[in-house]
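See below for the structure under consideration.
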Amino acid sequence: MKRFFLGCLALVMLTGTGVASAQSIEKAIKYRQGAFSVMGWHFGAIVDMIKGKRPFDREDFARRAKIISDVSFIPLEGFVANSFEGSTKSKVEIWANFSDFEAKLKQMQEAATHLSTASLSDDYDATKRAAIKLGKTCKSCHDEYRNK
Ligand code: ASC
């Protein structure tokens, strides 16, 4: 029991400062970029299928859409306090408007989930519309919160 309390105390002392080290900020930046990179990889393939640059394969499309929707829930945790300094394009505005940023991320997650569901149907037009909608949610956040 005593060890448990000492352990808790140590944990509180370690995390209690609320100041993240430059190293842990870089780690968080890499973490979220990894997730966005996975989403971008698969969305790129999806867009190519829609544009006819790659053969449309419904099963492969749905597999990729599922990955995007699953991974869409990953990045938020990586936007730790003040992680706009370092190897990132994230704008400081994210932290000044965090609830708006979160709302935009949520719209992306919803659009991704919708695309994943639509891609399991035989309704190609609805699937295409869902993909375009997802792309718009990416863009709207990038326009506001990502440096060029
Ligand atoms: C991607 C990617 C983006 C978005 C955006 C959609 O695949 O890397 O930044 O889609 O182009 O508008």
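Counting starts at 1 for both ligands and their atoms, in listed order.
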Which option wins on minimum heavy-atom distance to atom 12 (O) of ligand 1: Ser140, Ala45, Gly135, Cys138? Gly135

[X]: numbered ligand 1 atoms lying under 4.0 Å from its heavy atoms:
| X | answer |
| --- | --- |
| Lys139 | 12 (O) |
| Gly40 | 7 (O) |
| Phe43 | 1 (C), 7 (O), 10 (O) |
| His142 | 3 (C), 9 (O) |

From Lys30 atom NZ to Thr88 atom OG1, the distance as rounded to the nearest 0.5 Å: 12.5 Å

Under the 4.0 Å line, does any protein heavy atom show up next to atom 2 (C) of ligand 1? no

Distance below 4.0 Å between atom 10 (O) of ligand 1 and any protein heavy atom? yes

Test: Lys128 and Asp125 ion pair at under 4.0 Å: no

Do Lys139 and Asp143 sit within salt-bridge range, that is, some charged N less than 4.0 Å from a carboxylate O?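 Result for this pair is yes, salt bridge flagged.
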
Using 30° and 60° as the class limits, which term best fits the ring planes of Phe36 and Phe79: parallel, tilted or perpendicular? perpendicular

Is it true that a side-chain atom of Tyr31 and a backbone atom of Ile74 form a donor plus acceptor pair closer than 3.5 Å? yes

When you measure from the side chain of Glu93 to the backbone of Tyr145, do you find a donor-acceptor pair of N or O atoms at a distance under 3.5 Å? no

